[in-house]
Amino acid sequence: MKYSTLLFDVDDTLLNFQASEHHAMQKLFENIGEELTPTIYEDYHELNEHLWQQYERKEITRKQLLDTRFNLFFGKYGKQVDGQAYEAKYRSYLAEGHTQMPHAQELLADLSANHDIYVVTNGIAKTQRRRLSESGLAPYFTSVFASEVIGYQKPDPAFFDYVARKINGFSKSASLVIGDSLTSDIKGASAYGLDSVWFNPRHQQNTTKTSPTYEIDHLLRLESIVA
């Protein structure tokens, strides 16, 4: 068996983050008595993605991201809000979302018999642990590695170095990173010398300079790679 250690991203790899994000925004807007239109939601989604990319590049801190994203977002519409209070509400709603990606549980059940499976996430540790628990996926993981706890985020090699030191008998050649983000999961794996699988169900174009070792559009296709 070539790969015995599997390092899984969570959002849009195992759990449907897009569904969770939309649910959380819908609840937040209901709470503040505003209408969430498709255009407004798309504006938020784009701003949020941009902020997370800035965080990956170390241009802003996690605290800056979380403390300011709703101030920035509502500021686009000429509104002043208590961004931290909105953030707290939003995050509580986000934690409620735990819809699995298609075949996620089936895949983990199949692989867990012969592989050590871990989570590697840039998401908020408490939120991710709750979502994994309520989705029923938590029992398949030996450990959850969250950048918030580690102090480094994907794609920083220091994140993966921490993971490697915490896993007994870690071997780069026997480990595989699986995720949907080229700029976080795949770039991080490459920088640390790990093979990677780009989960790309929407067949997006790779416009980065980072190349995954493998690419799949269906989670169960991972089985033939790690068998």
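Residues take their numbers from the sequence shown, with the count starting at 1.
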Show me, pair by pair, the donor-acceptor contacts under 3.5 angstrom made by side chains of residues 220-227, not counting sequence neighbours?
from: R221; atom 1: NH1; to: D217; atom 2: OD1; distance (Å): 2.2
from: S224; atom 1: OG; to: R221; atom 2: O; distance (Å): 3.1

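Note: Y41 OH to T37 OG1 = 12.0 Å, rounded to the nearest 0.5 Å. A distance of 10.0 Å separates CD in E148 from CD in Q128, rounded to the nearest 0.5 Å. Taking CZ of R131 as the reference point, atom CG of L137 lies at 10.0 Å (rounded to 0.5 Å). Put simply, OH on Y118 and NZ on K166 are 12.5 Å apart, with the number rounded to the nearest 0.5 Å. For the atom pair CG of L15 and NE2 of H98, the computed distance is 9.0 Å after rounding to the nearest 0.5 Å. Interatomic distance, CG of L111 versus CG of D116, reported as 11.5 Å (0.5 Å rounding).
For the residue pair Q26 and H23, no side-chain donor N or O sits within less than 3.5 Å of a side-chain acceptor on the partner. Side chains of D12 and Q18: a donor-acceptor N/O pair is present below 3.5 angstrom, by distance only. With hydrogens and angles left out, the side-chain atoms of S147 and R62 include a donor and acceptor closer than 3.5 Å. Side-chain contact annotation: D43 with Y77, donor-acceptor N/O pair under 3.5 Å present.
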Steps toward side chain to side chain contact (heavy atoms under 4.5 Å, CB included) verdict (I186, V177): CA-CA 7 Å; I186 308 307; V177 176; 5.6 Å; no

Stepwise side chain to side chain contact (heavy atoms under 4.5 Å, CB included) check, W198 with T13: CA-CA 9 Å; W198 182 28; T13 301; over 6 Å; no

Evaluation steps, side chain to side chain donor-acceptor pair (under 3.5 Å), between E215 and N200: CA-CA 7 Å; E215 180 179 339; N200 184 23; 3.0 Å; yes

Working for side chain to side chain contact (heavy atoms under 4.5 Å, CB included), residues L72 and L47: CA-CA 9 Å; L72 291 169; L47 172 69; 4.2 Å; yes

H103 and E106: CA distance, side-chain angles, deciding distance, side chain to side chain donor-acceptor pair (under 3.5 Å) verdict: CA-CA 5 Å; H103 303 286; E106 181 183 353; 3.0 Å; yes

Evaluation steps, side chain to side chain contact (heavy atoms under 4.5 Å, CB included), between I117 and T142: CA-CA 6 Å; I117 307 176; T142 304; 5.6 Å; no

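You'll find the ring centres of F159 and F145 outside the 6.0 Å limit. For Y90 and Y44, the ring centers sit closer than 6.0 Å to each other. Aromatic ring centres of Y152 and F160: separated by at least 6.0 Å.
Salt bridge E56/K154: absent, no basic N to carboxylate O contact under 4.0 Å. Ionic pairing of E34 and K79 is present here: one or more N-O contacts between side-chain nitrogen and carboxylate oxygen are shorter than 4.0 angstrom.
Remark: K172 is positioned above the aromatic ring of Y192, its terminal NZ or CZ atom under 6.0 angstrom from the ring centre and at most 45 degrees off the axis.
Relative ring orientation between F8 and F141 is described as perpendicular, the plane-to-plane angle rising above 60° on a 0-90° scale split at 30° and 60°. Ring-plane geometry between Y3 and Y214 is classed as perpendicular, the angle between the planes exceeding 60 degrees on a 0 to 90 degree scale with a lower cut at 30.
The side chain to side chain contact (heavy atoms under 4.5 Å, CB included) check on K187 picks up P155, T210, with sequence neighbours excluded.
Proximity of D180 to D9: side-chain heavy atoms (C-beta onward) are separated by under 4.5 Å at one or more points.
Crowding of E35 atom CD: a count of heavy atoms from other residues, nucleotides or ligands under 6.0 Å not exceeding 12. Residue-environment remark: CD (Q204) exceeds the threshold of 12 foreign heavy atoms within 6.0 Å.
Under the 4.5 Å side-chain contact rule for hydrophobic residues, V197 and L182 do not share a cluster.
F29 pairs in a ring-ring contact (aromatic ring centres under 6.0 Å, His included) with only one of the listed residues (F74, F70, Y93, Y86), which is F74.
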